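Here is the structure we will look at.
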Amino acid sequence: MPAPHSFDALILGGGAAGLMCAIEAGRRGRRVAVLENADRLGKKILISGGGRCNFTNLHCAPENFLSANPHFAKSALARYTPAYFIALVEKHSIPYHEKTLGQLFCDRSATDILHMLEEECRRAGVSIFTGTKVQEVSRPGGFAVRTSQGEFHAPSLVVATGGLSIPKVGATSFGYDLARQFGVKILAPRPGLVPLLFAAEDRLRYCDLAGVAAEVTASCEGQSFRAKMLITHRGLSGPAILQISSYWNDRQPICVDLAPGREVTASFRDSKAPRSEGALRSDLRKVLPHRLADRWLELHPPAAWTNAALAAFENDIHAWTVVPAGTEGYEKAEVTAGGIDTDELSAKSMECRKVPGLYFIGEVVDVTGQLGGFNFQWAWASGAAAGRAL
Ligand SMILES: Cc1cc2nc3c(=O)[nH]c(=O)nc-3n(C[C@H](O)[C@H](O)[C@H](O)COP(=O)(O)OP(=O)(O)OC[C@H]3O[C@@H](n4cnc5c(N)ncnc54)[C@H](O)[C@@H]3O)c2cc1C
């Protein structure tokens, strides 16, 4: 039997958080190994941001994250700000741009970010083992990890295996399973940043409009997002819906303002012009895409042409209540919300309070970013926090 590989720290998962953690620890002289299940590192980085990787957000703040403990992420985010990552990107001369609202994307491709992280790992002397299936983790003092590539030993073990979203690029439940093995609490994982499904009735009413998009404000649970909404063959998507999906719980209604900041019936109220369906359609079409305007009028015609009925019509446009039947699930979810209960972890180092030497970082933790580069910023920040503590 070959001798086990011995390191100061083993990092399970070579995605965004794991690689950042490895770089920080390696730079500090730690002997680090990254054990990656897949045949290559960072597959999710490569598909992120439509292939251009929205690698951070200039306006990153704790309010951009959901967690049962909204204070937990503050320390790590404050100690690894977007400026650190941008400095790394600039050091590697990677061209990037701000797309909108502080979202930074690569000009060329997400491959630039992965190559940068791989190069930094090389410089920091990190050992990488891809195609390595973890078979068993035990703790006979330090940690022993039995894998398809032999046995690895280290006093510290970092779990950076991500969430459940997009199983076809290698997402596994490993992190949650390991947490259970060590008695670490988990808050039920659920798909986040995910399209929502219409209930049967709404599907019949709207799904033939698939492809129609409008700027809306979507609200739920005290959160509101103003952005594009897209009607799909099965429900609703687009940035406003993806954002609100992370806050949505089963059976709750979401409220959609189809014409935020605009008054559709203003001209009726103020003028003496005849009130007719044709005139209303024409005004509604100025605010909504024509097909959606026509469908809305067909399904929600004003009850009468009185001021009161027009006011009710106006209200309905600003408060379309949709009760989704569910989400498109992990196959389509950009992130997994929930995860390792942050009460179990040190906010400074991500180390487990009850299992010294065991760390959880990145998406597997109950910290979920909004759309716009925040999930990577959490991966970098939590990875750096653990990497500096190893
Ligand atoms: C389509 C898509 C687009 C996205 N775009 C953006 C974006 O532009 N900006 C943004 O901020 N966020 C984006 N995200 C979210 C972002 O990719 C994740 O939040 C981030 O990658 C999480 O980093 P992580 O290191 O925790 O997990 P991951 O990056 O998922 O890395 C986990 C790694 O662990 C490996 N692994 C899993 N199980 C095991 C195991 N048992 N043993 C060993 N290794 C294992 C996986 O193969 C993977 O390499 C996107 C997500 C998706 C799905």
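Atoms within each ligand, like the ligands themselves, are counted from 1 in listed order. This structure is a prediction, so every number in the text was calculated from the model and none was measured.
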Which is it for Lys99 and Asn54 under the side chain to side chain donor-acceptor pair (under 3.5 Å) test, yes or no, and what are the steps along the way? CA-CA 9 Å; Lys99 195 167 170 192; Asn54 177 194; over 6 Å; no

Begin from the C-alpha positions of Cys60 and Trp378 and carry the test side chain to side chain contact (heavy atoms under 4.5 Å, CB included) through to its verdict. CA-CA 10 Å; Cys60 184; Trp378 170 246; over 6 Å; no

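Gly15 CA, 3.3 Å is the protein heavy atom nearest to atom 31 (O) of ligand 1. Asn54 O, 2.9 Å is the protein heavy atom nearest to atom 9 (N) of ligand 1. What sits closest to atom 5 (N) of ligand 1 on the protein, heavy atoms only, is Gly49 N, 3.1 Å. Given atom 46 (C) of ligand 1, the protein heavy atom at minimum distance is Glu36 OE2, 3.5 Å. In this structure, the protein non-hydrogen atom closest to atom 18 (C) of ligand 1 is Glu363 OE1, 3.0 Å. Given atom 15 (C) of ligand 1, the protein heavy atom at minimum distance is Glu334 O, 3.7 Å. Scanning the protein heavy atoms around atom 27 (O) of ligand 1, the nearest turns out to be Gly162 CA, 3.4 Å. Remark: minimum distance from atom 39 (C) of ligand 1 to any protein heavy atom is reached at Thr161 CG2, 3.5 Å.
Considering backbone and side-chain atoms together, Ala17 places an N or O closer than 3.5 Å to an N or O of ligand 1. Below 3.5 Å of separation, one finds an N or O of Asn37 facing an N or O of ligand 1. For ligand 1, the polar-atom distance check finds an N/O of Thr172 within less than 3.5 Å of one of the ligand's N/O atoms. No N or O atom of Val134 sits closer than 3.5 Å to an N or O atom of ligand 1.
Using bins of under 30°, 30° to 60° and over 60° for the plane-to-plane angle, the ring pair Phe143/Phe182 lands in the perpendicular bin.
Not close to ligand 1: Lys43, with no non-hydrogen atom less than 4.0 angstrom away. Within the structure, ligand 1 lacks Ser165 among the residues with a heavy atom less than 4.0 angstrom away.
The atoms of ligand 1 that sit less than 4.0 Å from any heavy atom of Gly362 are 26 (O). In summary, the atoms of ligand 1 found under 4.0 Å from a heavy atom of Gly373, numbered by their order in the structure, are 9 (N), 10 (C), 11 (O). Contact atoms of ligand 1 toward Phe374: 11 (O) (distance under 4.0 Å to a heavy atom of the residue).
The number of heavy atoms from other shown groups lying within 6.0 Å of CD (Glu201) does not exceed 12. Around CD of Glu331, the count of heavy atoms belonging to other residues, nucleotides or ligands within 6.0 Å does not exceed 12.
Proximity of a side-chain donor or acceptor of Gln243 to a complementary backbone N or O of Leu371 within less than 3.5 Å is detected. A donor-acceptor distance shorter than 3.5 angstrom exists from the side chain of Thr306 to the backbone of Ala309, with no hydrogens or angles considered. Between the side chain of Ser237 and the backbone N or O of Leu230 there is no donor-acceptor pair closer than 3.5 Å.
With a 4.0 Å heavy-atom cut-off, ligand 1 is reached by the backbone of Phe376 and by its side chain too. Residue contacts with ligand 1 for Ala171 are absent, since no atom lies close enough (heavy atoms, distance under 4.0 Å). Heavy atoms of Leu35 found under 4.0 angstrom from ligand 1 belong exclusively to the backbone. The proximity of Phe55 to ligand 1, defined as any non-hydrogen pair under 4.0 Å, does not occur for either the backbone or the side chain. Only the side chain of Ile166 comes within 4.0 Å of ligand 1, judged by heavy-atom distances.
For Tyr96 and Glu90, the side-chain atoms include at least one donor-acceptor pair closer than 3.5 Å.
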Show which side-chain atoms of residues 120-130 pair as donor or acceptor with protein atoms under 3.5 Å away, not counting sequence neighbours.
{"from": "Glu120", "atom 1": "OE1", "to": "Arg27", "atom 2": "NH2", "distance (Å)": "2.9"}
{"from": "Glu120", "atom 1": "OE2", "to": "Lys91", "atom 2": "NZ", "distance (Å)": "3.0"}
{"from": "Glu120", "atom 1": "OE2", "to": "His92", "atom 2": "NE2", "distance (Å)": "2.6"}
{"from": "Arg122", "atom 1": "NE", "to": "Glu119", "atom 2": "OE1", "distance (Å)": "3.2"}
{"from": "Arg122", "atom 1": "NH2", "to": "Glu119", "atom 2": "OE1", "distance (Å)": "3.1"}
{"from": "Arg123", "atom 1": "NE", "to": "Glu119", "atom 2": "OE2", "distance (Å)": "3.0"}

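Smallest separation of non-hydrogen atoms from Lys228 and Ala213: CD-CB, 4.1 Å.
Which of Ala160, Gly14, Ala110, Gly13 comes nearest to atom 32 (C) of ligand 1 through a heavy atom is settled by distance: it is Ala160.
With sequence neighbours left out, the ring-ring contact (aromatic ring centres under 6.0 Å, His included) criterion links Tyr80 to Tyr84.
Contact check on Asp294 versus Arg285 returns a salt bridge, with a Lys/Arg side-chain nitrogen under 4.0 Å from an Asp/Glu carboxylate oxygen.
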